[in-house]
Peer 1: 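Below are the structure tokens for one structure; questions will follow.
Both backbone and side-chain heavy atoms feed into the values below; hydrogens, waters and symmetry mates do not. Order of appearance sets the numbers: ligands from 1, and atoms from 1 within every ligand. Just so it is clear, the structure is predicted and the values come from calculations on it, not from any experiment.
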Amino acid sequence: MKETAWKSPSNIALIKYWGKYDVQIPANPSVSFTLSSSATSTRLKYRTGKGAVKVFLNGEETPAFIPKIQLFLERTRALFPFSQQMDFEVHTSNSFPHSSGIASSASGMSALALCMMSVKKELGLNIEDFFQEASNAARLGSGSGSRSVYGPLAAWGKHAEIEGSHDEFAVPFADVADIFKTFQDTILLIDKGEKTVSSSLGHGLMNNHPYASSRFAQAHENQSRLLTAMLDADLESFGEIVESEALTLHGMMMTSMPYFILMKPNTLEVIQRIWSFREATNHPVYFTLDAGANVHVLYPESHKEVIMRFIDTELRTFCKDSSYLCDQVGLGPTPLF
Ligand code: DP6
């Protein structure tokens with residue numbers, strides 16, 4: 001078999017994608033920090049065949065992942081028409097523990113999409129823009145995966161103030177003050193269990209959500225405000241918008257039908273403590289949440305020492321097994337061959 005391999009990072013949304021229509025078209029634009037340490041490495045082996053797929057996670061055959069990969073191959077047929085005449089082995093591993101509650105869909109789907117692009121290139125097929133096509137393909141596997149293809153930030157979904165922004169692929173975004181290009185993200189692992197409600201199901205609940213249209217309009221506005229704040233190194237506004245986005249995401253979950261709550265008591269405890277610490281010390285430390293209980297603590301690199309001390313003395317005790325992951329803004333995927 002021939003092979004190709006890519007390592008692709010996870011990302012954390014600042015403006016949240018929540019709601020989609022048609023085939024993976026976002027209901028609103030989103031912007032994310034591309035991460036550095038949290039990543040998926042995927043080696044794709046391929047040969048002439050009939051579309052058979054095998055998946056190996058950390059060296060162990062994992063048939064449970066096959067349907068997701070097959071759906072990805074179906075949805076990306078226009079981009080990768082050769083996939084039906086090939087057999088594939090996907091060998092994948094995550095830098096973060098499987099049980100950490102960190103979603104691997106963005107990093108996993110972007111790594112796979114990049115591998116498929118390398119196969120396409122190897123076959124000598126026409127490619128206009130390698131990363132743009134990779135982002136488009138990653139989106140078809142997992143919406144947020146479209147943003148993992150670029151660092152230090154990426155924007156997905158049409159937005160009036162981001163030139164070239166598109167619903168089908170993310171665009172790299174670096175029009176921010178330098179302070180954001182080395183921002184830290186310490187991920188507090190509050191609950192390591194499997195998610196009780198999948199993202200796909202959650203997105204679906206936005207279809208008949210009573211607040212959907214105002215939420216989608218708000219995301220556009222928040223994105224505009226965030227872009228200005230990031231350009232101006234206005235940390236206070238940055239924090240206000242990012243925290244509001246996180247709580248709005250969870251507010252949408254709590255007000256959908258059926259309703260659900262993904263935060264845990266310790267999620268709220270940590271948020272309260274971040275607020276108290278910030279008020280008492282004036283240090284620029286903020287939080288965001290993804291579709292789960294874990295808390296992403298965001299702060300400038302220049303404050304690393306003091307914030308890590310705060311995390312170790314005050315927040316760590318609220319984490320499952322006292323565990324957290326240290327990450328920071330990163331530059332995007334790297335080829336492994
Ligand atoms: C809350 O990208 O996981 O993390 O497109 O169904 O795979 P699918 O959903 P997914 O949703 C991510 C939702 C989020 C917000 C975000 O990353 O923008």
Peer 1: Please say whether Ile15 places an N or O atom under 3.5 Å from an N or O atom belonging to ligand 1.
Peer 2: no
Peer 1: Charged N to carboxylate O below 4.0 Å: is that the case for Arg225 and Glu221?
Peer 2: no
Peer 1: Kindly state whether the ring of Phe238 and the ring of Phe183 have centres lying under 6.0 angstrom apart.
Peer 2: yes
Peer 1: I need the contact type for Ser142 against ligand 1. Using non-hydrogen atoms and a strict under-4.0 Å cut-off, is it side chain, backbone, both or neither?
Peer 2: both
Peer 1: Does any N or O of ligand 1 fall below 3.5 Å from an N or O anywhere on Asp290, backbone included?
Peer 2: no
Peer 1: May I ask you to check whether Thr186 and Tyr299 show a side-chain donor-acceptor distance below 3.5 Å?
Peer 2: yes
Peer 1: Would you say ligand 1 has an N or O under 3.5 Å from any N or O of Tyr17?
Peer 2: yes
Peer 1: Within ligand 1, which atoms have a heavy atom of Ser105 less than 4.0 Å away?
Peer 2: 3 (O)
Peer 1: For the residue pair Thr40 and Asn94, confirm or rule out a side-chain donor-acceptor distance under 3.5 Å.
Peer 2: yes
Peer 1: Backbone, side chain, both or neither: what part of Ser144 comes under 4.0 angstrom of ligand 1, heavy atoms only?
Peer 2: both
Peer 1: Using the six-membered ring wherever Trp is involved, compare the ring planes of Phe131 and Tyr150 and label them parallel, tilted or perpendicular (cut-offs 30° and 60°).
Peer 2: tilted
Peer 1: Does Lys20 come within less than 4.0 Å of ligand 1, judged by its heavy atoms?
Peer 2: yes
Peer 1: Report yes if Gln24 has an N/O atom closer than 3.5 Å to an N/O atom of ligand 1; otherwise report no.
Peer 2: yes
Peer 1: Is there a polar contact between ligand 1 and Arg147, counting only N or O atoms under 3.5 Å apart?
Peer 2: yes
Peer 1: Which donor-acceptor pairs under 3.5 Å do the side chains of residues 249-263 make with protein atoms, sequence neighbours left out?
Peer 2:
unit_1: His250; atom_1: NE2; unit_2: Asp290; atom_2: O; d: 2.9
unit_1: Thr255; atom_1: OG1; unit_2: His209; atom_2: NE2; d: 3.1
unit_1: Thr255; atom_1: OG1; unit_2: Gly251; atom_2: O; d: 2.6
unit_1: Thr255; atom_1: OG1; unit_2: Met252; atom_2: O; d: 3.4
unit_1: Ser256; atom_1: OG; unit_2: Met253; atom_2: O; d: 3.0
unit_1: Ser256; atom_1: OG; unit_2: Pro258; atom_2: O; d: 2.9

Peer 1: How about Ser142 and Lys68: does a side-chain donor come under 3.5 Å of a side-chain acceptor?
Peer 2: no
Peer 1: Output yes when the distance from some N or O of ligand 1 to some N or O of Ser200 is under 3.5 Å, and no in every other case.
Peer 2: yes
Peer 1: Please report the closest heavy-atom contact between Asn126 and Glu128, naming both atoms and the distance.
Peer 2: ND2-OE2, 3.8 Å
Peer 1: Counting only heavy atoms, which portion of Leu249 has something under 4.0 Å from ligand 1: side chain, backbone, both, or neither?
Peer 2: side chain
Peer 1: Please determine if His203 has a nitrogen or oxygen closer than 3.5 Å to a nitrogen or oxygen of ligand 1.
Peer 2: yes
Peer 1: Could you list which atoms of ligand 1 come closer than 4.0 Å to a heavy atom of Ala13?
Peer 2: 16 (C), 17 (O), 18 (O)
Peer 1: Could you list the atoms of ligand 1 found under 4.0 angstrom from a heavy atom of Gly143?
Peer 2: 2 (O), 5 (O), 7 (O), 8 (P)
Peer 1: Which of parallel (below 30°), tilted (30 to 60°) and perpendicular (above 60°) describes His220 and His159?
Peer 2: parallel
